[in-house]
There are 2 protein chains.
Amino acid sequence: MIDTKQKILDTAERLIGERGYAATSLRQIISEAGVNLASIHYHFGSKEELLDEVILRKAVPVNAERLARLDRLEADAGGAAVSVDQVLEALLMPMAEVADREPRFVAVMGRMISEGLIHGIAEKHFQVVTARVFAALRRALPDLPEQEFLWRAHFMTGAMAYTMCVSPSRVLPGTPVGSYRERIERLIGFVAAGFLAPVREISQVETTK
Amino acid sequence: MIDTKQKILDTAERLIGERGYAATSLRQIISEAGVNLASIHYHFGSKEELLDEVILRKAVPVNAERLARLDRLEADAGGAAVSVDQVLEALLMPMAEVADREPRFVAVMGRMISEGLIHGIAEKHFQVVTARVFAALRRALPDLPEQEFLWRAHFMTGAMAYTMCVSPSRVLPGTPVGSYRERIERLIGFVAAGFLAPVREISQVETTK
DNA sequence: GTCTATACTGAGATAGAC
DNA sequence: GTCTATCTCAGTATAGAC
(Lines give C-alpha, C1' and ligand atoms only; values in the text may rest on other atoms or scores of the structure.)
Protein backbone atom coordinates (compact mmCIF):
# COMPACT_ATOMS: atom_id res chain seq x y z
CA MET A 1 0.00 0.00 0.00
CA ILE A 2 1.14 3.50 -0.74
CA ASP A 3 -0.28 4.96 2.44
CA THR A 4 2.13 2.96 4.54
CA LYS A 5 4.33 6.03 4.58
CA GLN A 6 1.46 8.21 5.79
CA LYS A 7 0.49 5.76 8.50
CA ILE A 8 4.06 5.73 9.73
CA LEU A 9 4.29 9.51 9.73
CA ASP A 10 0.99 9.98 11.55
CA THR A 11 1.74 7.37 14.18
CA ALA A 12 5.28 8.63 14.69
CA GLU A 13 4.01 12.19 15.11
CA ARG A 14 1.52 11.10 17.73
CA LEU A 15 3.85 8.89 19.72
CA ILE A 16 6.80 11.27 19.62
CA GLY A 17 4.53 14.08 20.77
CA GLU A 18 3.21 11.97 23.61
CA ARG A 19 6.34 10.23 24.83
CA GLY A 20 9.30 11.97 23.23
CA TYR A 21 11.66 10.88 20.49
CA ALA A 22 14.10 8.82 22.52
CA ALA A 23 11.31 7.06 24.40
CA THR A 24 9.50 6.08 21.21
CA SER A 25 10.92 2.96 19.61
CA LEU A 26 10.46 2.03 15.98
CA ARG A 27 8.85 -1.17 17.19
CA GLN A 28 6.17 0.79 19.03
CA ILE A 29 5.49 2.84 15.92
CA ILE A 30 5.14 -0.14 13.61
CA SER A 31 2.98 -1.93 16.11
CA GLU A 32 0.45 0.89 16.35
CA ALA A 33 0.65 1.75 12.67
CA GLY A 34 0.20 -1.89 11.67
CA VAL A 35 3.20 -1.97 9.35
CA ASN A 36 6.46 -3.87 9.19
CA LEU A 37 9.65 -2.81 10.93
CA ALA A 38 11.71 -2.76 7.76
CA SER A 39 9.22 -0.48 6.03
CA ILE A 40 10.40 2.45 8.13
CA HIS A 41 13.93 2.02 6.88
CA TYR A 42 12.65 1.48 3.36
CA HIS A 43 10.65 4.73 3.33
CA PHE A 44 12.80 6.95 5.53
CA GLY A 45 16.24 5.39 5.91
CA SER A 46 16.56 5.81 9.66
CA LYS A 47 14.72 6.86 12.78
CA GLU A 48 16.34 10.28 12.60
CA GLU A 49 15.24 10.87 9.03
CA LEU A 50 11.74 9.84 9.99
CA LEU A 51 11.78 12.61 12.60
CA ASP A 52 12.99 15.04 9.97
CA GLU A 53 10.01 14.30 7.77
CA VAL A 54 7.60 14.51 10.66
CA ILE A 55 8.91 17.98 11.44
CA LEU A 56 9.26 19.22 7.91
CA ARG A 57 5.79 18.46 6.66
CA LYS A 58 4.43 20.77 9.36
CA ALA A 59 7.22 23.33 9.42
CA VAL A 60 7.23 24.11 5.72
CA PRO A 61 3.94 26.08 5.69
CA VAL A 62 4.88 27.89 8.89
CA ASN A 63 8.16 29.06 7.45
CA ALA A 64 6.49 30.05 4.20
CA GLU A 65 4.05 32.19 6.13
CA ARG A 66 6.88 33.81 8.05
CA LEU A 67 8.71 34.75 4.89
CA ALA A 68 5.50 36.05 3.34
CA ARG A 69 4.88 38.31 6.33
CA LEU A 70 8.42 39.62 6.20
CA ASP A 71 8.06 40.31 2.49
CA ARG A 72 4.88 42.24 3.14
CA LEU A 73 6.36 44.25 6.00
CA GLU A 74 9.44 45.18 4.03
CA ALA A 75 7.38 46.12 1.00
CA ASP A 76 5.12 48.33 3.13
CA ALA A 77 8.13 49.99 4.73
CA GLY A 78 9.46 50.85 1.28
CA GLY A 79 13.17 50.77 2.04
CA ALA A 80 12.90 51.96 5.64
CA ALA A 81 13.60 49.60 8.50
CA VAL A 82 10.80 47.47 9.89
CA SER A 83 10.34 47.82 13.65
CA VAL A 84 11.63 45.20 16.07
CA ASP A 85 8.11 44.43 17.20
CA GLN A 86 6.90 43.83 13.68
CA VAL A 87 9.79 41.55 12.79
CA LEU A 88 9.22 39.51 15.93
CA GLU A 89 5.53 39.23 15.12
CA ALA A 90 6.31 37.97 11.64
CA LEU A 91 8.61 35.37 13.11
CA LEU A 92 6.52 34.18 16.02
CA MET A 93 2.86 34.61 15.16
CA PRO A 94 2.69 31.99 12.39
CA MET A 95 4.11 29.43 14.78
CA ALA A 96 1.76 30.48 17.58
CA GLU A 97 -1.26 30.19 15.34
CA VAL A 98 -0.33 26.72 14.20
CA ALA A 99 0.45 25.77 17.78
CA ASP A 100 -3.01 26.78 18.92
CA ARG A 101 -4.62 25.01 15.98
CA GLU A 102 -2.55 21.81 16.03
CA PRO A 103 -1.34 20.97 19.54
CA ARG A 104 0.23 17.80 18.23
CA PHE A 105 2.66 19.72 16.08
CA VAL A 106 3.90 21.86 18.91
CA ALA A 107 4.23 18.75 21.06
CA VAL A 108 6.62 17.26 18.53
CA MET A 109 8.53 20.51 18.12
CA GLY A 110 8.80 20.76 21.88
CA ARG A 111 10.15 17.25 22.15
CA MET A 112 12.57 17.96 19.38
CA ILE A 113 13.97 21.04 21.06
CA SER A 114 13.87 19.73 24.61
CA GLU A 115 15.66 16.55 23.55
CA GLY A 116 18.24 18.54 21.62
CA LEU A 117 17.42 17.24 18.18
CA ILE A 118 17.71 20.42 16.17
CA HIS A 119 20.29 19.40 13.68
CA GLY A 120 20.64 18.12 10.15
CA ILE A 121 17.95 18.82 7.64
CA ALA A 122 15.51 20.49 10.00
CA GLU A 123 18.10 22.97 11.29
CA LYS A 124 19.12 24.01 7.80
CA HIS A 125 15.52 24.55 6.91
CA PHE A 126 14.84 26.88 9.78
CA GLN A 127 18.02 28.83 9.13
CA VAL A 128 16.59 30.29 5.96
CA VAL A 129 14.01 32.11 8.06
CA THR A 130 16.51 32.86 10.81
CA ALA A 131 18.84 34.66 8.45
CA ARG A 132 16.04 36.85 7.09
CA VAL A 133 14.84 37.70 10.59
CA PHE A 134 18.28 38.59 11.89
CA ALA A 135 18.94 40.79 8.87
CA ALA A 136 15.67 42.65 9.42
CA LEU A 137 16.42 43.10 13.12
CA ARG A 138 19.88 44.42 12.30
CA ARG A 139 18.36 47.12 10.12
CA ALA A 140 15.94 48.04 12.88
CA LEU A 141 18.83 48.46 15.33
CA PRO A 142 21.53 50.26 13.37
CA ASP A 143 23.16 51.84 16.40
CA LEU A 144 23.61 48.65 18.38
CA PRO A 145 27.24 47.44 18.36
CA GLU A 146 27.61 44.32 16.25
CA GLN A 147 28.71 42.04 19.08
CA GLU A 148 25.92 43.21 21.33
CA PHE A 149 23.41 42.61 18.56
CA LEU A 150 24.65 39.07 17.95
CA TRP A 151 24.41 38.21 21.62
CA ARG A 152 20.93 39.64 21.93
CA ALA A 153 19.83 37.64 18.93
CA HIS A 154 21.24 34.63 20.72
CA PHE A 155 19.30 35.42 23.89
CA MET A 156 16.13 35.83 21.87
CA THR A 157 16.60 32.44 20.28
CA GLY A 158 16.90 30.83 23.68
CA ALA A 159 13.84 32.52 25.12
CA MET A 160 11.90 31.63 21.99
CA ALA A 161 12.81 27.98 21.89
CA TYR A 162 12.12 27.55 25.57
CA THR A 163 8.84 29.43 25.43
CA MET A 164 7.41 27.46 22.56
CA CYS A 165 8.39 24.15 23.96
CA VAL A 166 8.56 24.06 27.71
CA SER A 167 5.40 24.25 29.69
CA PRO A 168 5.87 26.88 32.39
CA SER A 169 3.89 24.85 34.89
CA ARG A 170 6.82 22.44 35.06
CA VAL A 171 9.10 25.16 36.35
CA LEU A 172 6.59 27.25 38.24
CA PRO A 173 3.62 25.19 39.33
CA GLY A 174 0.45 27.21 39.30
CA THR A 175 1.27 29.21 36.21
CA PRO A 176 -1.88 29.44 34.08
CA VAL A 177 -1.03 28.34 30.57
CA GLY A 178 -3.43 30.05 28.15
CA SER A 179 -3.02 30.18 24.39
CA TYR A 180 0.24 30.18 22.52
CA ARG A 181 -0.82 33.41 20.90
CA GLU A 182 -1.02 35.07 24.27
CA ARG A 183 2.30 33.78 25.51
CA ILE A 184 3.96 34.81 22.26
CA GLU A 185 2.65 38.33 22.61
CA ARG A 186 4.15 38.50 26.07
CA LEU A 187 7.41 37.10 24.71
CA ILE A 188 7.55 39.77 22.02
CA GLY A 189 7.24 42.50 24.63
CA PHE A 190 10.01 40.93 26.68
CA VAL A 191 12.40 40.36 23.80
CA ALA A 192 11.77 43.71 22.15
CA ALA A 193 12.65 45.46 25.42
CA GLY A 194 15.81 43.40 25.65
CA PHE A 195 16.84 44.39 22.13
CA LEU A 196 16.15 48.05 22.77
CA ALA A 197 17.88 48.14 26.16
CA PRO A 198 20.82 50.52 26.65
CA VAL A 199 24.15 48.76 26.23
CA ARG A 200 25.50 47.68 29.59
CA GLU A 201 29.13 48.31 30.28
CA ILE A 202 31.16 45.16 30.46
CA SER A 203 33.33 45.16 33.54
CA GLN A 204 36.93 44.19 33.02
CA VAL A 205 38.03 42.85 36.36
CA GLU A 206 36.86 40.07 38.61
CA THR A 207 33.98 40.34 41.05
CA THR A 208 33.87 40.63 44.76
CA LYS A 209 34.23 37.11 45.92
CA MET B 1 40.82 0.25 44.37
CA ILE B 2 38.77 2.94 46.07
CA ASP B 3 39.29 5.49 43.33
CA THR B 4 37.33 3.44 40.81
CA LYS B 5 34.41 5.73 41.48
CA GLN B 6 36.52 8.82 40.83
CA LYS B 7 37.94 7.40 37.61
CA ILE B 8 34.43 6.68 36.39
CA LEU B 9 33.23 10.16 37.29
CA ASP B 10 36.17 11.89 35.65
CA THR B 11 36.00 9.85 32.49
CA ALA B 12 32.24 10.19 32.23
CA GLU B 13 32.50 13.93 32.68
CA ARG B 14 35.05 14.20 29.91
CA LEU B 15 33.30 11.95 27.42
CA ILE B 16 29.83 13.38 28.04
CA GLY B 17 31.24 16.88 27.63
CA GLU B 18 32.92 15.91 24.39
CA ARG B 19 30.29 13.74 22.75
CA GLY B 20 27.07 14.20 24.68
CA TYR B 21 25.22 11.93 27.05
CA ALA B 22 23.32 9.81 24.56
CA ALA B 23 26.37 9.33 22.36
CA THR B 24 28.54 8.16 25.24
CA SER B 25 28.05 4.49 26.05
CA LEU B 26 28.92 2.94 29.37
CA ARG B 27 31.28 0.63 27.51
CA GLN B 28 33.23 3.62 26.20
CA ILE B 29 33.50 5.00 29.70
CA ILE B 30 34.74 1.77 31.27
CA SER B 31 37.15 1.22 28.43
CA GLU B 32 38.85 4.60 28.87
CA ALA B 33 38.63 4.52 32.65
CA GLY B 34 40.07 1.01 32.78
CA VAL B 35 37.35 -0.38 35.00
CA ASN B 36 34.73 -3.08 34.72
CA LEU B 37 31.28 -2.55 33.26
CA ALA B 38 29.44 -3.72 36.34
CA SER B 39 31.34 -1.30 38.55
CA ILE B 40 29.28 1.56 37.15
CA HIS B 41 26.10 -0.08 38.31
CA TYR B 42 27.67 -1.03 41.58
CA HIS B 43 28.71 2.54 42.38
CA PHE B 44 25.91 4.50 40.70
CA GLY B 45 23.01 2.20 39.92
CA SER B 46 22.38 3.35 36.37
CA LYS B 47 23.69 5.54 33.59
CA GLU B 48 21.25 8.27 34.55
CA GLU B 49 22.34 8.29 38.17
CA LEU B 50 25.94 8.49 37.03
CA LEU B 51 25.03 11.66 35.13
CA ASP B 52 23.36 13.02 38.25
CA GLU B 53 26.53 12.62 40.26
CA VAL B 54 28.66 14.12 37.52
CA ILE B 55 26.44 17.20 37.57
CA LEU B 56 25.94 17.43 41.29
CA ARG B 57 29.56 17.34 42.39
CA LYS B 58 30.14 20.52 40.36
CA ALA B 59 26.75 22.16 40.84
CA VAL B 60 26.71 22.00 44.62
CA PRO B 61 29.37 24.67 45.20
CA VAL B 62 27.88 26.90 42.50
CA ASN B 63 24.46 26.78 44.09
CA ALA B 64 25.92 27.36 47.53
CA GLU B 65 27.66 30.47 46.25
CA ARG B 66 24.43 31.70 44.68
CA LEU B 67 22.54 31.35 47.91
CA ALA B 68 25.34 33.04 49.83
CA ARG B 69 25.24 36.03 47.49
CA LEU B 70 21.48 36.28 47.81
CA ASP B 71 21.78 36.15 51.58
CA ARG B 72 24.31 38.94 51.52
CA LEU B 73 22.26 41.13 49.18
CA GLU B 74 19.12 40.72 51.21
CA ALA B 75 20.94 41.40 54.45
CA ASP B 76 22.48 44.56 52.97
CA ALA B 77 19.08 45.72 51.73
CA GLY B 78 17.70 45.34 55.22
CA GLY B 79 14.12 44.48 54.34
CA ALA B 80 13.93 46.54 51.16
CA ALA B 81 13.79 44.82 47.78
CA VAL B 82 17.01 43.89 46.01
CA SER B 83 17.21 45.24 42.46
CA VAL B 84 16.59 43.01 39.45
CA ASP B 85 20.16 43.48 38.28
CA GLN B 86 21.58 42.39 41.59
CA VAL B 87 19.43 39.30 41.82
CA LEU B 88 20.41 38.29 38.31
CA GLU B 89 24.06 38.79 39.14
CA ALA B 90 23.77 36.59 42.20
CA LEU B 91 22.17 33.90 40.08
CA LEU B 92 24.41 34.04 37.04
CA MET B 93 27.85 35.17 38.09
CA PRO B 94 28.80 32.12 40.14
CA MET B 95 28.02 29.93 37.18
CA ALA B 96 29.92 32.18 34.78
CA GLU B 97 32.98 32.15 36.99
CA VAL B 98 33.03 28.39 37.21
CA ALA B 99 32.39 28.15 33.48
CA ASP B 100 35.43 30.26 32.71
CA ARG B 101 37.54 28.28 35.17
CA GLU B 102 36.35 24.80 34.27
CA PRO B 103 35.23 24.57 30.66
CA ARG B 104 34.58 20.87 31.09
CA PHE B 105 31.82 21.52 33.59
CA VAL B 106 29.95 23.87 31.33
CA ALA B 107 30.34 21.39 28.49
CA VAL B 108 28.53 18.77 30.53
CA MET B 109 25.87 21.22 31.66
CA GLY B 110 25.38 22.28 28.07
CA ARG B 111 24.96 18.70 26.94
CA MET B 112 22.57 18.09 29.76
CA ILE B 113 20.35 20.99 28.81
CA SER B 114 20.64 20.60 25.06
CA GLU B 115 19.78 16.92 25.32
CA GLY B 116 16.86 17.68 27.61
CA LEU B 117 18.15 15.85 30.65
CA ILE B 118 17.13 18.28 33.37
CA HIS B 119 15.03 16.04 35.47
CA GLY B 120 15.16 13.94 38.60
CA ILE B 121 17.69 14.73 41.27
CA ALA B 122 19.50 17.46 39.39
CA GLU B 123 16.32 19.41 38.67
CA LYS B 124 15.21 19.31 42.26
CA HIS B 125 18.58 20.55 43.37
CA PHE B 126 18.50 23.58 41.11
CA GLN B 127 14.96 24.41 42.11
CA VAL B 128 16.06 25.39 45.59
CA VAL B 129 17.99 28.26 44.05
CA THR B 130 15.30 28.96 41.47
CA ALA B 131 12.65 29.47 44.14
CA ARG B 132 14.84 31.92 46.04
CA VAL B 133 15.64 33.87 42.89
CA PHE B 134 12.05 34.11 41.73
CA ALA B 135 10.94 35.27 45.16
CA ALA B 136 13.58 37.99 45.17
CA LEU B 137 12.62 39.10 41.67
CA ARG B 138 8.96 39.23 42.66
CA ARG B 139 9.78 41.62 45.48
CA ALA B 140 11.80 43.77 43.08
CA LEU B 141 8.82 43.99 40.72
CA PRO B 142 5.81 44.51 42.97
CA ASP B 143 3.72 46.28 40.33
CA LEU B 144 4.04 43.64 37.62
CA PRO B 145 0.88 41.54 37.27
CA GLU B 146 1.40 38.04 38.56
CA GLN B 147 0.85 36.29 35.23
CA GLU B 148 3.16 38.64 33.41
CA PHE B 149 5.83 38.07 36.04
CA LEU B 150 5.58 34.30 35.74
CA TRP B 151 5.92 34.42 31.99
CA ARG B 152 8.88 36.75 32.14
CA ALA B 153 10.57 34.44 34.61
CA HIS B 154 9.95 31.69 32.11
CA PHE B 155 11.51 33.70 29.27
CA MET B 156 14.52 34.43 31.46
CA THR B 157 15.01 30.75 32.16
CA GLY B 158 15.03 29.97 28.46
CA ALA B 159 17.48 32.70 27.57
CA MET B 160 19.69 31.63 30.48
CA ALA B 161 19.79 27.96 29.65
CA TYR B 162 20.44 28.63 26.01
CA THR B 163 23.10 31.22 26.71
CA MET B 164 25.10 29.06 29.07
CA CYS B 165 24.98 26.03 26.88
CA VAL B 166 24.71 26.81 23.20
CA SER B 167 27.66 28.30 21.43
CA PRO B 168 26.43 31.28 19.44
CA SER B 169 28.78 30.50 16.59
CA ARG B 170 26.59 27.53 15.76
CA VAL B 171 23.64 29.77 15.09
CA LEU B 172 25.44 32.85 13.86
CA PRO B 173 28.82 31.98 12.40
CA GLY B 174 31.33 34.71 13.02
CA THR B 175 30.13 35.60 16.47
CA PRO B 176 33.18 36.14 18.69
CA VAL B 177 32.76 34.04 21.77
CA GLY B 178 34.67 35.66 24.62
CA SER B 179 34.38 34.75 28.26
CA TYR B 180 31.28 33.45 29.96
CA ARG B 181 31.52 36.35 32.33
CA GLU B 182 31.16 38.78 29.48
CA ARG B 183 28.26 37.01 27.87
CA ILE B 184 26.49 36.76 31.21
CA GLU B 185 26.84 40.48 31.76
CA ARG B 186 25.23 41.07 28.40
CA LEU B 187 22.51 38.59 29.27
CA ILE B 188 21.75 40.39 32.51
CA GLY B 189 21.25 43.65 30.64
CA PHE B 190 18.92 41.95 28.18
CA VAL B 191 16.86 40.11 30.76
CA ALA B 192 16.63 43.01 33.19
CA ALA B 193 15.23 45.20 30.40
CA GLY B 194 12.70 42.50 29.60
CA PHE B 195 11.58 42.31 33.21
CA LEU B 196 11.25 46.08 33.49
CA ALA B 197 9.45 46.53 30.16
CA PRO B 198 5.97 48.07 30.17
CA VAL B 199 3.26 45.46 30.05
CA ARG B 200 2.13 44.89 26.50
CA GLU B 201 -1.58 44.68 25.90
CA ILE B 202 -2.71 41.21 24.99
CA SER B 203 -4.91 41.41 21.95
CA GLN B 204 -7.47 38.64 22.28
CA VAL B 205 -7.47 37.01 25.65
CA GLU B 206 -9.42 35.23 28.26
CA THR B 207 -7.25 35.25 31.33
CA THR B 208 -7.32 32.06 33.36
CA LYS B 209 -6.25 33.34 36.69
C1' DG C 1 32.65 -4.33 50.34
C1' DT C 2 34.63 -4.41 45.51
C1' DC C 3 35.31 -6.10 41.34
C1' DT C 4 34.89 -9.61 37.32
C1' DA C 5 32.67 -12.40 33.92
C1' DT C 6 28.83 -13.33 31.55
C1' DA C 7 24.07 -13.39 30.20
C1' DC C 8 19.55 -11.04 29.25
C1' DT C 9 16.47 -7.85 26.85
C1' DG C 10 15.44 -4.43 23.64
C1' DA C 11 17.15 -0.97 20.47
C1' DG C 12 18.20 0.46 15.32
C1' DA C 13 19.82 -1.35 11.14
C1' DT C 14 20.26 -4.56 7.08
C1' DA C 15 20.25 -8.51 3.58
C1' DG C 16 17.67 -11.16 0.80
C1' DA C 17 13.38 -13.83 -0.48
C1' DC C 18 8.93 -12.97 -2.31
C1' DG D 1 7.14 -2.53 -1.81
C1' DT D 2 6.91 -5.69 1.79
C1' DC D 3 8.31 -9.16 5.09
C1' DT D 4 11.30 -12.56 7.74
C1' DA D 5 15.38 -13.31 9.89
C1' DT D 6 19.41 -11.72 11.69
C1' DC D 7 23.26 -8.54 13.13
C1' DT D 8 25.43 -5.37 16.30
C1' DC D 9 25.34 -2.65 20.17
C1' DA D 10 23.10 -0.52 23.91
C1' DG D 11 21.81 -0.56 29.20
C1' DT D 12 20.95 -3.72 32.76
C1' DA D 13 21.10 -7.71 36.10
C1' DT D 14 23.32 -11.25 38.67
C1' DA D 15 26.35 -14.94 40.36
C1' DG D 16 30.42 -15.48 42.29
C1' DA D 17 35.65 -14.51 43.03
C1' DC D 18 38.74 -11.81 46.05
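In what follows, chains are A, B, ... by sequence order, proteins preceding strands, each numbered from 1. Predicted model only: the values in this text are computed from it and were never measured.
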Fill in: salt bridge (charged side-chain N to carboxylate O under 4.0 Å, His left out) partners of residues 100-116 of chain B, not counting sequence neighbours, each pair once
B:K58-B:E102
Worksheet item: Could you give the CD-to-P distance, from B:E49 to D:dG11, as a whole number of Å?
Response: 14 Å
Worksheet item: How would you list, by chain and number, every residue that makes a side chain to side chain donor-acceptor pair (under 3.5 Å) with B:D71, sequence neighbours excluded?
Response: B:R132
Worksheet item: If you look only at pairs with a residue in residues 147-158 of chain B, which of them pass as a salt bridge (charged side-chain N to carboxylate O under 4.0 Å, His left out), with sequence neighbours excluded?
Response: A:R186-B:E148, B:E148-B:R152
Worksheet entry | Under 4.0 Å protein heavy-atom contact, by nucleotide of nucleotides 12-18 of chain C - B base, S sugar-phosphate only | BBBB---
Practice prompt. Calculate the interatomic distance between B:I29 atom CD1 and D:dG11 atom P; express it in whole Å.
Written response: 8 Å
Item to complete: Return no unless some side-chain N or O of A:H43 is found under 4.0 Å from OP1 or OP2 of D:dT2.
Response: yes
Worksheet item: Under 4.0 Å between a side-chain N or O of B:Y42 and OP1 or OP2 of C:dT2?
Response: yes
Worksheet entry | Residues in side chain to side chain donor-acceptor pair (under 3.5 Å) contact with B:D85, at least two apart in sequence or another chain | A:R200
Worksheet item: Between atom CD1 in A:I8 and atom P in D:dT2, what is the gap in whole Å?
Response: 8 Å
Practice prompt. Would you verify whether the NZ or CZ of A:K5 falls within 45 degrees of the ring axis of A:Y42 while also being under 6.0 Å from that six-membered ring's centre?
Written response: no
Worksheet item: So, is A:S39 close to the D:dC3 phosphate, meaning a side-chain N or O under 4.0 Å from OP1 or OP2?
Response: no
Fill in: Pairing residues for B:E18 by the side chain to side chain donor-acceptor pair (under 3.5 Å) criterion, not counting sequence neighbours
none
Practice prompt. Could you tell me whether the phosphate oxygens of D:dT4, OP1 or OP2, come under 4.0 Å of any side-chain nitrogen or oxygen in A:N36?
Written response: yes
Response to the item:
note: B:K7, atom NZ; C:dT2, atom P; distance rounded to Å ~ 15 Å
